[in-house]
Structure formats: structure tokens, C-alpha cells
Amino acid sequence: MDELAVKLFDIQAVKFGSFTLKSGQVSPIYFDFRLIVSYPAILEKVAGLLWKKCSNNATVDLICGVPYTALPIATLISVTNRVPMLLRRKEAKEYGTKKLIEGDFRPGMNCIIVEDVVTTGTSVLETAIELRKLGIQVTHAIVLLDRRQGGKENLSKHGIELSSVFHVEEIMASLEKQSKVDHKVAEEVMNFIRGNRQPILNRNPRLHVSLEERRSSCKHPIASRLFDLMLAKKSNLCVAADLTSLDDVITLAESIGPKIVVLKIHVDILEDFSLTKIMQLKEVARAHEFLLMEDRKFADIANTVQQQFHGGVYRISEWADLITAHPLPGPEMITHMFGDSSSDSRRTCGCVLVLEMSTKNALTNEDYAKEAAKWGLIASDVVTGFVGQSAPQSDFPGWVQFTPGVNSSSVSGDSKGQQYCSPAKAVLERGADIIIVGRGLIKSPDVVATAETYRSEGWAALTQRITNP
Ligand code: S5P
């Protein structure tokens with residue numbers, strides 16, 4: 001390792017001085033591993049060390065380098081070890097297939113990402129997102145140098161274990177030992193690195209991608225439709241119409257319809273439910289262009305849920321565009337409740353998984369949400385998004401995050417465990433794409449004016465998040 005550190009220094013792939021980084025910070029050390037391609041013996045050594053890290057740690061069906069520096073390294077690993085490679089483009093080409101990932105693979109294969117330097121982990125994450133969109137599993141990334149500035153923790157939050165050949169500390173120790181740098185420089189570098197350990201990133205790429213781009217990642221027609229409606233109506237407002245009369249819900253929907261993209265109901269609290277009336281509500285939804293969500297929160301064995309969804313008095317699958325479900329029973333429930341692949345409801349109704357709840361002392365902790373988000377991706381032909389209170393639960397851009405517990409008034413909750421935050425906080429700090437507003441709107445004396453206030457606040461926050469990441 002000492003020898004490689006010295007070689008990297010000798011070819012000036014590690015430099016000392018004063019360097020302005022992309023972030024604007026002035027750093028006393030700079031790594032330029034692009035130079036490695038000019039030194040085949042070093043390239044070979046680097047590829048060998050990286051391969052050792054990855055073959056120790058994971059099943060490797062495929063490898064993929066983060067463009068561009070890691071591409072030749074990944075190629076060498078691929079050829080030497082006979083492990084197939086995928087090629088990631090930086091931009092989709094304008095002509096032809098528009099694919100971002102080139103190569104041969106099957107969904108479910110495990111791909112290791114190869115990178116030269118990791119600082120915050122964003123580039124690795126972006127590559128992982130592209131691979132995961134295609135159903136490829138990404139659980140490990142290997143890197144020559146981890147700058148230890150939050151990357152490992154950030155990637156771990158997204159289910160990716162990062163293994164590194166070097167840390168900056170090790171490079172500095174080797175160079176000092178070999179008298180390539182004096183103690184003062186080594187100290188200065190270490191102080192800089194320690195002082196710039198960025199807080200663990202909450203920079204989930206999903207949060208900063210344009211809605212148009214996210215729409216193109218959608219796997220479900222209802223999610224695509226939702227993005228279309230958001231863009232057309234400049235709204236990310238879902239109103240929770242928690243009224244006990246369907247007639248009143250219809251009246252509310254007629255008045256606030258132009259401001260909202262989703263109307264959410266709880267069908268089992270309606271005292272005057274009939275299929276005829278729910279079809280009237282569906283007509284209003286069609287006329288004013290919003291989606292109808294039944295917040296049933298299914299959570300039973302598949303056989304029961306299937307009957308609750310399609311049968312009984314409510315026949316939910318005949319009219320709901322979106323339904324909510326708890327992931328608790330596991331992915332089988334979701335896949336079976338929609339019926340086999342020929343079932344219409346697979347395309348006409350999208351499932352929204354409740355990964356986290358807004359209530360005090362909810363049991364939906366981070367591990368639960370993370371695990372559920374993972375298998376939600378497996379059922380991604382029917383899952384269109386999730387209900388959640390924090391952004392990192394899924395970085396898949398084609399999924400929509402619905403965040404309830406939104407209320408602009410100064411109340412922090414109700415007296416029954418509900419907790420509230422403002423529209424801006426929900427969008428900017430918690431990752432909401434859609435804000436769900438219930439009593440904050442339906443109890444207001446002027447629902448139309450209130451809907452407009454929530455619409456404009458929610459939309460302004462979403463625009464700000466996308467344009468000023
Ligand atoms: O965690 C959750 C999930 C949901 S879907 N917390 C919630 O409050 N909800 C729903 O959002 C809840 O069932 C209700 O319909 C709405 C919140 O209503 P509010 O009146 O408290 O804004």
C-alpha cells in the first residue's frame with residue numbers, strides 16, 4: 001500500500017498546494033486519478049486491489065464504472081476477472097435507444113459500482129439509481145479513495161456498502177513515512193479533511209430532479225399521470241377529504257378541484273356511500289383532472305386484501321386511481337391483491353406504500369421504512385410511490401412521496417397523536433412531492449382560498465427544491 005501511495009504521488013495523481021474545489025473550498029491536497037491511464041502498471045495494481053475488495057464482499061454478476069475516471073479501471077477488472085461490465089453514459093444520447101446503461105443483463109443481477117474517489121457519494125448514487133431503474137441490484141461499491149466526508153454513511157442509507165482501498169489518512173501516513181511530505185503538510189491536510197467532514201448528506205437525487213425527468217422514469221401509468229397533472233396544474237396538493245358524507249365530499253371536490261392533483265378519501269367513514277355516488281365523484285375527478293385516492297391502508301394476507309380491494313360493498317378497484325397499503329405483510333400482498341398480469345387494475349390503480357406514519361411513537365422506524373422501500377421496488381409495476389415523513393426512504397425518481405400531517409397553522413398536532421408541519425417544511429426538509437392536507441383545509445371557512453394558499457406554498461417549495469438543490 002505504501003508503494004502505491006508513493007507511485008500515485010510520483011505521477012502527480014496526489015498533489016499538495018492550494019486547490020479550489022468544485023464546492024468552492026480551498027484544499028491543500030488534490031487527487032487526480034485520471035492520470036492513472038498513462039501508467040499501465042499502476043492501473044493494473046489499482047484494478048487488482050479494487051477487485052480484491054469486491055470479490056471479498058459480494059456476489060458479483062456485473063460491474064459498472066462511474067464515468068469517466070473509473071471506466072478504464074472497471075474495464076481492466078472486467079477483462080482480467082472475466083466479469084461482465086455495464087457501461088454507464090453520462091447523458092442519454094439524443095438519437096437511437098436513449099439508453100443510459102449499455103450492456104447485457106437480467107433484472108435481479110447484482111452489480112458492483114467502481115469509482116476512483118468518493119467524497120459525498122453522490123456520483124455512485126446517481127449510477128446506482130440508473131441501474132436500479134432497470135431492476136439491477138446494487139448493494140456494494142468499491143472505491144480507490146474514500147475522502148471520508150459522509151460518502152460511506154450516505155451510501156449506506158441507500159443500501160450500498162462502500163469498500164475503499166485507501167483513506168486520506170493512510171495515503172498521508174505512507175507519504176510521510178517515505179519522506180515524500182513533511183509532517184507540517186501532513187498535519188495541514190489532516191486538519192482540512194477533519195474540518196470538512198460534511199454532515200451526512202440528505203441529498204437524495206430524487207429530490208432535485210425535474211418533474212419532467214422523473215415522469216420519464218415512471219413505471220406505472222398512474223404515476224406518469226400524476227406528474228403530468230402536477231406540471232399542468234402547478235400543484236402538488238392532495239386534500240384529505242375526511243368528511244362523513246359523500247355528498248359533502250362531492251361538493252368540496254367541485255369547488256377545490258382545479259387546485260388539487262389528488263383527492264384522498266376514507267371510504268369506510270362515509271355514511272351515505274353508494275356506487276352511484278362514488279361514480280359521481282369520479283366524474284368530478286375527470287372533469288377537474290385530479291386523481292382519486294382511497295386511503296384504505298390495506299394490511300392483511302393477500303387472499304383477504306384481494307377481496308377487500310375488489311369486492312364487498314365498496315368495490316374499490318372499480319373507482320380508485322390510487323390506494324394506500326401497509327408494507328407489513330410483505331410484497332406478496334401487493335402483487336396478489338391486484339390479480340394476475342392481465343388484470344386491468346394493475347394499470348388503472350397505483351399502490352402507495354405507507355413507509356412512515358406521521359403520528360407520535362409510530363413503529364415505522366428507519367429500518368422498517370428502508371426494508372419496505374426495498375421490496376416496494378420489487379413490486380414496482382404496481383407501486384407508484386409511498387407515504388413518508390423523510391426523504392431518504394427511496395431515491396427512485398419515478399416514485400412519488402406523499403407526506404401527510406401538513407398544516408399551515410401554528411398547531412403542532414391534534415390531541416390524538418397527529419403531528420403537523422408546514423408545507424415548506426414537508427417539501428424542503430422531509431422530501432414531500434405531494435403534501436396531504438386534511439383538517440387544515442376542510443375545516444377552514446373558505447376552502448377555495450385555503451386550497452389556493454396550500455397549492456401556492458406547496459408548489460413554490462417544490463420548485464425551490466428542484467431549482468436550488
Ligand atoms: O402517517 C399518516 C398517513 C396518512 S395517509 N398520517 C396521516 O395523517 N395520514 C392521513 O392523512 C390520515 O388518515 C388523514 O386522512 C390525513 C391527515 O389529516 P389531517 O386532518 O391530520 O391533516
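The structure presented is a predicted model; accordingly, all values stated were derived computationally and were not measured. Counting starts at 1 for both ligands and their atoms, in listed order.
- Residue Tyr420 has at least one N or O atom closer than 3.5 Å to an N or O atom of ligand 1.
- Ligand-side atoms of ligand 1 in range of Pro404: 1 (O), 2 (C), 3 (C), 4 (C), 6 (N), 7 (C), 8 (O), 9 (N), 11 (O), range being under 4.0 angstrom from any heavy atom.
- Heavy-atom proximity to Lys297, at under 4.0 Å, picks out these atoms of ligand 1: 3 (C), 4 (C), 5 (S), 13 (O).
- Using a cut-off of 4.0 Å between Lys/Arg side-chain N and Asp/Glu carboxylate O, Asp321 and Lys282 are scored as salt-bridged.
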| Taking it one step at a time, do Asp295 and Ile265 satisfy side chain to side chain contact (heavy atoms under 4.5 Å, CB included)? | CA-CA 6 Å; Asp295 191 5; Ile265 61 170; over 6 Å; no
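- Ion pair Glu161/Lys152 not flagged as a salt bridge, since none of the NZ, NE, NH1 or NH2 atoms sits closer than 4.0 Å to an Asp/Glu carboxylate oxygen.
- A cation-pi arrangement, defined by a distance under 6.0 Å to the six-membered ring centre and an angle within 45 degrees of its axis, is present between Lys219 and Phe396.
- When atom types are taken as modelled, the side chain of Arg132 and the backbone of Val138 share a donor-acceptor pair closer than 3.5 angstrom.
- Within the 4.0 Å heavy-atom shell around ligand 1 one does not find Phe402.
- Under a 4.0 angstrom heavy-atom cut-off, Gln389 registers as lying outside contact with ligand 1.
- Using a 4.0 Å cut-off to heavy atoms of Gln418, the atoms of ligand 1 that qualify are 7 (C), 8 (O), 17 (C), 19 (P), 21 (O).
- Backbone and side-chain nitrogen or oxygen atoms of Ser358 are examined, and one is located within less than 3.5 angstrom of a nitrogen or oxygen of ligand 1.
- Against a heavy-atom cut-off of under 4.0 Å, Asp295 is close to the following atoms of ligand 1: 5 (S), 10 (C), 13 (O).
- The pair Glu289-Lys233 does not meet the salt-bridge criterion, since no charged nitrogen lies less than 4.0 angstrom from a carboxylate oxygen.
- With hydrogens and angles left out, the side-chain atoms of Thr59 and Asn110 include no donor and acceptor closer than 3.5 Å.
- Using a 4.0 angstrom heavy-atom cutoff, Asp242 counts as in contact with ligand 1.
- With a 4.0 Å cut-off on non-hydrogen atoms, Arg439 touches ligand 1 through its backbone as well as its side chain.
- At least one N or O atom of Gly438 sits closer than 3.5 Å to an N or O atom of ligand 1.
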